[in-house]
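All values derive from a computational prediction rather than experimental measurement. Every chain is numbered from 1 and lettered A, B, ... according to where its sequence line falls, protein lines coming before strand lines.
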Amino acid sequence: MKFEFILYGFGILFCIAGISYLAAEYVKYLSDIGKIGSLLLTVGLFAFLGKYFEKLGW
Amino acid sequence: MAVKHKNLYLYLALACFLGIILIFVFDGYMGLHDTLNFTGGEFPQTITADQWQQRGIPDFMPSTSAIYGEKVAFTYVIENRCFSSYKSDVSVTVWNNQVKLTDLLSTTVTTKAFGKGQVDWVFDTTQFASETLTTGTSAHFTLMIQMGDIQRKIIIDIYKDIIQMKSPQ
């Protein structure tokens, strides 16, 4: 059971790393306004996710 | 009601994620996109703005080859995907061994918002390569397109064909 969770953890990590890499590659081609907009929305995304998990009692 | 409120932050987070994706799509579509079409020999080629901007390949330079005596026709299309009109000088020059040989074209392009502009020119191989070019050897030239801050380069390789074509009867 524990081993499965370790595998899940690796899977999630690889997914996040892959998406981060693709996003970082794409950001190079964005205009300055697009970069600022994406940055603000990313901050908002993590802030709201944090709030959501806080409400769940994490 | 309490359940709805509990999920509100999740929906807001999803909205932010959707916003990021929308910015990626919108930002990729907007801007100035230039495309070059040309036919060297019997091979038509199209170089799009995305190909020019490939940062993984330093100094990406497309190339074409033409037989001595042929003319290579170029069409440079400027697509203005902006909310304002675009006006710029376009110049095409021919270079060899880092020395400018001649100006092929110098004009001004004006495109309306979300409109297209087009510039055409012909590269005559006999104008640049020597007639004494022997079979099996080739001469190389760089065609440089300058439009505002945008600079594009293409290598043109001129050679004499080993097989002589029959002229039409």
Asks: Take a 6.0 Å sphere around NZ of B:Lys87 and say whether it holds more than 12 heavy atoms from other residues, nucleotides or ligands.
Replies: no

Asks: Are B:Leu12 and A:Phe53 co-members of a hydrophobic cluster defined by side-chain heavy atoms under 4.5 Å apart?
Replies: yes

Asks: Could you list which of residues 103-121 of chain B have a heavy atom closer than 4.5 Å to any heavy atom of chain A, in residue-number order?
Replies: none

Asks: Flag yes if B:Ile145 and B:Trp95 sit in one hydrophobic cluster, no otherwise; membership is Ile, Leu, Val, Met, Phe, Trp, Tyr, and two members link when side-chain heavy atoms are under 4.5 Å apart.
Replies: no

Asks: Can you hop from B:Phe26 to B:Tyr29 via hydrophobic side chains spaced under 4.5 Å?
Replies: yes

Asks: For the hydrophobic clusters of this structure (ILVMFWY residues joined by side-chain heavy atoms under 4.5 Å, transitively), does one cluster hold both B:Ile78 and B:Met30?
Replies: no

Asks: In terms of heavy-atom proximity below 4.5 Å to chain B, should A:Leu56 be classed as side chain, backbone, both, or neither?
Replies: side chain

Asks: Measure the spacing between CZ of B:Phe24 and CG of A:Leu30 and express it to the nearest 0.5 Å.
Replies: 5.0 Å

Asks: Does any non-hydrogen side-chain atom of B:Leu10 lie less than 4.5 Å from one of A:Phe48?
Replies: no

Asks: Between the main-chain N or O of B:Asn7 and the side-chain N or O of A:Tyr52, is there a donor-acceptor pair closer than 3.5 Å?
Replies: no

Asks: Considering all heavy atoms of both residues, which atom of A:Gly44 and which atom of B:Cys16 are nearest to each other, and what is their separation?
Replies: C-SG, 3.8 Å

Asks: Quick check: does any side chain N or O of B:Asp27 sit under 3.5 Å from a backbone N or O of A:Ser31, one acting as donor and the other as acceptor?
Replies: yes

Asks: If you draw a 6.0 Å radius around CD1 in A:Ile33, do more than 12 non-hydrogen atoms from other residues or ligands fall strictly inside?
Replies: no

Asks: Quick one: CZ on B:Phe17 to CG on A:Leu41, what's the gap to the nearest 0.5 Å?
Replies: 11.5 Å

Asks: Measuring from A:Leu45:CG to B:Ile20:CD1, what's the distance to the nearest 0.5 Å?
Replies: 5.5 Å

Asks: Tell me whether B:Met144 is reachable from B:Val77 by hopping between hydrophobic residues (I, L, V, M, F, W, Y) whose side-chain heavy atoms are closer than 4.5 Å.
Replies: no

